[in-house]
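Right, one structure below, let's go through it.
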2 protein chains.
Amino acid sequence: MKEVKQRSTCPVSTSLDVLGDKWTLLIIRDLVFGGKSTYGQFLQSAEKIATNILADRLALLETHGMVTKVVASDKKSKFIYHLTEKGIDTVPILVALLLWGTRHGSTAIDPGLLNELQTEPDAAIARYQRLAREKTQVPFP
Amino acid sequence: MKEVKQRSTCPVSTSLDVLGDKWTLLIIRDLVFGGKSTYGQFLQSAEKIATNILADRLALLETHGMVTKVVASDKKSKFIYHLTEKGIDTVPILVALLLWGTRHGSTAIDPGLLNELQTEPDAAIARYQRLAREKTQVPFP
DNA sequence: TTTTTTACTTGCAATTTGCAAGTAATTCAC
DNA sequence: GTGAATTACTTGCAAATTGCAAGTAAAAAA
């Protein structure tokens, strides 16, 4: 597995050491906003990530403690990915990227979600973080 | 020059099409927080960007309308880079990355700046955006 | 028992990155 | 005025990464 080298002690730089590529944050987007949590679901997203890249990024996210991987309760051949607190803590980054993208690109997004994020960003961030947190709760522990 | 292909209409994805690499946002960081504005100054940053990558990213940033390049008033052989409004609008992304980095990595940063960003993030963002905007004002137009 | 689902792995060509060295127009020092 | 810096890149090339297509393997479904 590719090791992550820290280029400097600048916090922007160290964040980009982990998140600075075209795919990692899209997987987290799918987990937070897409209601997705399995390898097969991530593959179906509009950006068409290659299977080897997806496997690599999921392994990296796990290595970095951003996601956990558990066997699905209904099928032994299925794995469910959930965000850890470290992963959930990237939601403000996702939202900042989303808002910049809507202001400076040709994009399409659910108007309700956009309105919520534009008018009450902090509340919306907290809500999506809470939702992500709830998903990690096991139904019958 | 490398063209940027839009992978989908998702605003997170379109933002990452432009900003999703390890160097672009570091150049903007230098412009916003580092008081830097020339090729030579960007080269001196702690992360040691390669000269060809820097030239490539600066050209891309210019192509995307995020920075402008003007001849320095004192030297014809020197160029000054300034952020456009589109570039200044990435400051919330930078701040989100900075805060995540401080929470989940071994980083070092000026305690005054960190405190300002942690306690009054919105005011701090507005302040750095205003500072960046002022830099684009020509002394004697 | 055969087929399908699910999650990957492998091989390989193409692209991107990173390092080192080279170029070219100014500007500085004397 | 001339030779040495400065400033901003460009070029060549090896190494690493990406992306595509095909293959594998365990479990589940038919």
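Numbers restart at 1 for each chain; the letters A, B, ... are given by sequence-line order, proteins then strands. Everything quoted here is computed from the prediction, not taken from an experiment.
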side-chain hydrogen bond (donor to acceptor under 3.5 Å, both in side chains): which pairs involve residues 65-78 of chain B, sequence neighbours left out?
->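 Qualifying pairs: none.
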
Could you check how far [atom1] of [X] sits from [atom2] of [N], rounded to whole Å?
{"X": "R57(A)", "N": "dC8(C)", "atom1": "CZ", "atom2": "P", "result": "15 Å"}
{"X": "K22(B)", "N": "dA16(D)", "atom1": "NZ", "atom2": "C1'", "result": "13 Å"}
{"X": "E62(A)", "N": "dA7(C)", "atom1": "CD", "atom2": "P", "result": "13 Å"}
{"X": "D56(B)", "N": "dC9(D)", "atom1": "CG", "atom2": "P", "result": "12 Å"}
{"X": "I49(B)", "N": "dA8(D)", "atom1": "CD1", "atom2": "P", "result": "14 Å"}
{"X": "L61(A)", "N": "dC8(C)", "atom1": "CG", "atom2": "C1'", "result": "16 Å"}
{"X": "L58(A)", "N": "dT6(C)", "atom1": "CG", "atom2": "P", "result": "16 Å"}
{"X": "I80(B)", "N": "dC9(D)", "atom1": "CD1", "atom2": "C1'", "result": "16 Å"}

Between the side chains of [Y] and [X], is the shortest nitrogen-to-carboxylate-oxygen separation below 4.0 Å, so that they form an ion pair?
{"X": "E116(B)", "Y": "R127(B)", "answer": "yes"}
{"X": "R103(B)", "Y": "D89(A)", "answer": "yes"}
{"X": "E47(B)", "Y": "K22(B)", "answer": "no"}
{"X": "R133(B)", "Y": "E85(B)", "answer": "yes"}

Considering the options R7(B), K5(B), Q6(B), which one meets the side-chain hydrogen bond (donor to acceptor under 3.5 Å, both in side chains) requirement together with D17(B)?
->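 The passing option is R7(B).
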
side-chain contact (heavy atoms from CB on, under 4.5 Å) with D21(B): which residues, sequence neighbours excluded?
->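 side-chain contact (heavy atoms from CB on, under 4.5 Å) list for D21(B), sorted by chain: W23(B), T24(B), R57(B).
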
Could you list, one pair per line, each protein nitrogen or oxygen that sits under 3.5 Å from a nitrogen or oxygen of nucleotides 27-30 of chain C, together with the distance?
from, atom 1, to, atom 2, distance (Å)
dT27(C), OP1, K76(B), N, 2.3

Does the ring center of F33(B) lie less than 6.0 Å from the ring center of Y128(B)?
->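 Yes, ring centres under 6.0 Å apart.
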
Residues in contact with DNA chain C, drawn from residues 26-47 of chain A - heavy-atom cutoff 4.0 Å |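 Per residue number, the list reads T38(A), Y39(A), G40(A).
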
side-chain hydrogen bond (donor to acceptor under 3.5 Å, both in side chains) against D30(A), all qualifying residues, sequence neighbours excluded =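 For D30(A), the residues satisfying side-chain hydrogen bond (donor to acceptor under 3.5 Å, both in side chains) (neighbours in sequence not counted) are S45(A).
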
Which nucleotides of nucleotides 19-24 of chain D have their base under 4.0 Å from a protein heavy atom (B), which only their sugar-phosphate (S), and which neither (-), written as one string 5' to 3'?
-> BBBB--

Cluster check V70(B), L83(B): I/L/V/M/F/W/Y, side chain < 4.5 angstrom =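 Per the 4.5 Å side-chain linkage, V70(B) and L83(B) are not co-clustered.
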
Taking only side-chain nitrogens and oxygens of Y81(B), does any of them come within less than 4.0 Å of OP1 or OP2 of dC9(D)?
->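 For Y81(B), the contact criterion (side-chain N or O under 4.0 Å from OP1 or OP2 of dC9(D)) is met.
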
